Amino acid sequence: MTETEAQRQKEIQQAEELLFAGPQAVGFAKGLFLGHFVSDWVMPYPRIPAAQQIEADKSLAEVRQFLDEKLDPSAIDRQADIPREVIDGLGRFGVLGMTAPKEFGGRGFSQMANCKILEEIGRRCASTSVFVNAHHSIGIRALLLFGSHAQKQTWLPRLVTGEQLAAFALTEEQAGSDAANVQMQARPSEDGSHYILNGEKRYITNAAIAQVLTVMARTPVPGSNKTAISAFLVTPDMPGFTILEPRMPKLGIRGTATGRFAMRDVRVPKENILGPLGKGLRVALTVLDFGRTTFGACCTGAAKTCLQLAIRHANTRRQFNKTLGEFDLVRKKIARIAADAYAMEAMTTVTASLIDRGLEDYMIETAMLKVFTTELLWEAINDTFQIYGGSAYFTDLPLERMLRDARINQIGEGSNEVLTSFIGLVGMRGPGMEFKEIYDTMLKPLGGRIGKAWTAGMNRLGAAIRIPDVPVQSDELRSFASQLGRIIWRFNLAVNRALIAYREPILDMQLVQERIADAATELFASSCVLSRWDAEVQASRRNGSTPSEHSAAELFLRQSFRRARRLLGDLNDNEDRAVLGTANSVLSRAGNDD
Ligand SMILES: Cc1cc2nc3c(=O)[nH]c(=O)nc-3n(C[C@H](O)[C@H](O)[C@H](O)COP(=O)(O)OP(=O)(O)OC[C@H]3O[C@@H](n4cnc5c(N)ncnc54)[C@H](O)[C@@H]3O)c2cc1C
């Protein structure tokens with residue numbers, strides 16, 4: 001077996017262990033890949049339960065007032081620090097423990113309600129939203145999800161109030177996107193009471209201001225010479241813990257403290273292990289799933305700010321004796337921001353509700369949400385920047401800060417490229433399983449069963465595949481529902497074809513994976529938008545009011561359907577060979593810049 005093949009086998013084994021723990025309900029995204037519209041997960045449009053809505057509204061109003069009075073995003077950026085007064089206030093209003101159970105001092109909010117709060121923060125200040133996410137969405141998440149009752153009792157009460165702050169430390173020099181490559185070592189002490197940690201972590205938000213850090217390190221696998229990742233609760237007062245750099249100077253989200261630290265023979269009690277020994281990678285990926293949901297909420301908030309700013313400027317700035325809003329090229333940008341912001345909110349709400357409703361595996365949906373909202377926010381800021389012209393460039397307006405702040409979103413918590421490939425590959429695993437023979441070939445590249453795989457695939461393709469029903473309540477939306485159903489059907493056909501045409505090499509064909517992942521993401525986004533629009537039409541009908549205008553929803557669906565069709569068409573008609581050939585040619589010219 002060559003080194004590459006051995007690496008591939010290792011990756012597949014890791015992925016299998018991590019992602020496919022056992023039989024689970026088919027989620028929405030996995031359903032799409034099988035040509036189904038699993039309506040229960042997206043329709044009717046999810047709502048926060050009435051009893052919690054009152055509390056959530058009250059909380060939102062309090063937080064909003066606090067942010068209006070105390071949060072100064074521009075000063076936070078200039079001073080590269082979030083004032084303690086702001087952190088204390090966030091703690092006081094429950095923001096730092098929103099989803100923690102009430103018995104440990106948290107608010108016990110659902111993920112949907114929590115997302116509404118994060119959207120509000122995201123509207124104003126990206127530094128503050130990243131700080132809150134680092135503490136609450138990922139910092140205390142492993143404790144919330146995997147901690148024992150005793151661990152929660154010991155650690156949570158001070159964390160949920162903000163008296164103590166948390167960080168989540170996975171990244172190292174050799175473990176960035178390749179999270180499984182963590183090098184920090186944790187070896188058991190002779191008496192087995194402690195683990196002794198050695199290594200360094202970098203790019204860790206809150207590292208220097210946290211009193212509790214969830215740290216990923218490699219532990220020996222008993223009875224073998226292998227190691228696996230485990231999650232540890234570490235406090236900076238443990239001897240041997242050293243902050244190497246508390247605040248690495250950086251482009252954006254400058255208010256956050258992104259740091260580096262070292263652990264030199266740090267003795268961590270074995271009681272501080274979170275979740276099962278050796279299952280730290282699973283812990284980490286589950287934690288990041290939550291982070292990606294609130295990422296979506298923060299991006300939605302920021303996109304709404306872009307819309308407000310763009311409208312304000314387009315209505316007031318005059319050139320050529322007209323307001324900017326009278327020019328179609330400006331109007332086009334504003335319309336798209338409105339449509340995208342509507343979709344971002346819908347997708348965030350639906351994804352958060354999947355968590356609240358107990359869907360076990362929502363990794364594809366959270367990955368889609370993260371990629372979708374971060375890319376659209378980047379475009380929204382760029383378009384708003386353009387509408388403001390030269391004035392956007394200066395620091396008296398928030399746009400240059402928003403542009404700098406937003407750039408991390410496409411990189412952090414799983415870079416968008418890694419997640420796109422993940423969406424494509426994990427999604428295709430479903431139909432791949434149906435083509436059992438093909439799946440075997442994918443797992444065993446040396447199997448040489450191509451002929452059988454082909455036959456199995458052709459049989460599957462020939463099977464009666466129905467256009468799925470998309471059950472909307474409102475008559476006026478039926479044509480959109482039926483278009484969506486048809487594209488899902490086309491998508492499933494395209495996925496099956498790709499699996500048959502490319503077979504095992506598809507595992508490395510990222511340009512194909514990207515088109516499939518992006519098309520699936522459009523379908524998920526469209527489903528969320530249709531569901532939201534349907535619910536709003538129905539609500540206004542129930543209230544006897546005229547349905548409010550929904551041009552943003554309609555525009556999004558039209559544009560999203562077009563993009564999805566184009567992506568599917570491009571699977572058969574593209575310049576991939578030329579793209580890869582050019583890349584090969586320039587990459588091999590190492591050291592020769594000409
Ligand atoms: C401001 C900031 C805050 C952070 N906070 C935290 C934190 O709190 N905790 C924590 O653990 N980490 C944190 N990180 C680290 C962050 O999660 C990593 O930067 C991220 O995972 C990417 O890793 P990397 O920087 O090593 O990039 P690399 O892994 O070197 O990747 C660089 C680029 O290569 C491409 N790439 C990599 N792999 C693939 C692939 N398989 N397919 C296609 N393209 C690929 C992508 O375009 C990627 O952006 C933070 C980073 C920053 C900048």
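Numbering of ligands and ligand atoms starts at 1, following listing order. In this chain, residues are counted from 1 in sequence order. All of these numbers come straight from a predicted model, not from anything done at the bench.
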- Message: Does any N or O of ligand 1 fall below 3.5 Å from an N or O anywhere on Leu170, backbone included?
- Response: yes
- Task: Look at the side chain of Asp405 and the backbone N and O of Ile253, then say whether any donor-acceptor pair between them is shorter than 3.5 Å.
- Result: yes
- Name the closest protein heavy atom to atom 16 (C) of ligand 1, giving the residue it belongs to and the distance to 0.1 Å. Thr171 OG1, 3.9 Å
- Message: My understanding is that we take every heavy atom of each candidate and find the minimum distance to atom 1 (C) of ligand 1. Doing that for Ile253, Asp178, Val418, which one comes out nearest?
- Response: Ile253
- Please write down residue, atom name and distance for the protein heavy atom closest to atom 3 (C) of ligand 1. Thr205 OG1, 3.4 Å
- Note on the structure: the protein heavy atom lying closest to atom 47 (O) of ligand 1 turns out to be Glu417 OE1, 3.0 Å
- Message: Students should be able to answer this: which protein heavy-atom is nearest to atom 2 (C) of ligand 1, and at what distance?
- Response: Ile408 CD1, 3.8 Å
Solution key, residues 135-145 side-chain donor-acceptor pairs under 3.5 Å, sequence neighbours excluded:
{"residue": "His135", "atom": "ND1", "partner": "Ala166", "partner atom": "N", "Å": "3.0"}
{"residue": "His135", "atom": "NE2", "partner": "Leu96", "partner atom": "O", "Å": "3.2"}
{"residue": "His135", "atom": "NE2", "partner": "Leu159", "partner atom": "O", "Å": "3.0"}
{"residue": "His136", "atom": "NE2", "partner": "Met98", "partner atom": "N", "Å": "3.4"}
{"residue": "His136", "atom": "NE2", "partner": "Thr99", "partner atom": "N", "Å": "3.1"}
{"residue": "His136", "atom": "NE2", "partner": "Thr99", "partner atom": "OG1", "Å": "3.0"}
{"residue": "Ser137", "atom": "OG", "partner": "Asn133", "partner atom": "OD1", "Å": "2.9"}
{"residue": "Ser137", "atom": "OG", "partner": "Thr294", "partner atom": "OG1", "Å": "2.7"}
{"residue": "Arg141", "atom": "NE", "partner": "Ser137", "partner atom": "O", "Å": "3.3"}
{"residue": "Arg141", "atom": "NH1", "partner": "Thr99", "partner atom": "OG1", "Å": "3.4"}
{"residue": "Arg141", "atom": "NH2", "partner": "Thr99", "partner atom": "OG1", "Å": "3.0"}
{"residue": "Arg141", "atom": "NH2", "partner": "His136", "partner atom": "O", "Å": "3.4"}

- Item | Derivation of the salt bridge (charged side-chain N to carboxylate O under 4.0 Å, His left out) call for Arg515 and Asp576 | CA-CA 11 Å; Arg515 289 191 191 98; Asp576 290 1; 2.6 Å; yes
- Message: Show the atoms of ligand 1 that are less than 4.0 angstrom away from any heavy atom in Ser415.
- Response: 46 (C), 48 (C), 49 (O)
- Ranked by distance from atom 13 (C) of ligand 1, the top protein heavy atom is Tyr203 O, 2.9 Å
- Task: Would you mind reporting whether Val215 and Met184 have side-chain heavy atoms less than 4.5 Å apart?
- Result: yes
- Ion pair Glu173/Arg260, N-O distance below 4.0 Å: no
- Starting from atom 26 (O) of ligand 1, find the nearest protein heavy-atom neighbour and note its residue, name and distance. Gly176 CA, 3.3 Å
- Message: If the threshold is 4.0 Å, N to carboxylate O, is there a salt bridge linking Lys370 and Glu413?
- Response: no
- Task: Give the residue and atom name of whichever protein heavy atom lies nearest to atom 27 (O) of ligand 1, and the separation in Å to one decimal.
- Result: Ser177 OG, 4.1 Å
- Residues Arg404, Asp77: salt bridge by 4.0 Å N-O rule: yes
- Message: Check whether Arg218 reaches the backbone of Val182 with its side chain - one donor and one acceptor, N or O, closer than 3.5 Å.
- Response: yes
- Query: Between Glu119 and Thr300, is any side-chain donor less than 3.5 angstrom from a side-chain acceptor?
  - Reply: no
- Message: Taking the cut-offs as 6.0 angstrom to the six-membered ring centre and 45 degrees off its axis, would you call Lys201 and Phe261 a cation-pi pair?
- Response: no
- Query: Do any non-hydrogen protein atoms sit less than 4.0 Å from atom 30 (O) of ligand 1?
  - Reply: no
- Task: Mark up the atoms of ligand 1 that fall under 4.0 Å of a heavy atom belonging to Ile204, in ascending order.
- Result: 7 (C), 8 (O), 9 (N), 10 (C), 11 (O)
- In ligand 1, the atoms that come under 4.0 Å of a heavy atom of Glu413 are 17 (O)
- 4.0 Å heavy-atom contact, Gln510 with ligand 1: yes
- Return the residue, atom name and 0.1 Å-rounded distance of the protein heavy atom closest to atom 9 (N) of ligand 1. Phe168 O, 2.8 Å
- Output the distance between atom NZ (Lys304) and atom CG (Asp340), rounded to the nearest 0.5 Å. 13.5 Å
- Item | Sub-4.0 Å atoms of ligand 1 with respect to non-hydrogen atoms of Ile411 | 20 (C)
- Task: Return a yes/no value: protein heavy atom under 4.0 Å from atom 35 (C) of ligand 1?
- Result: no
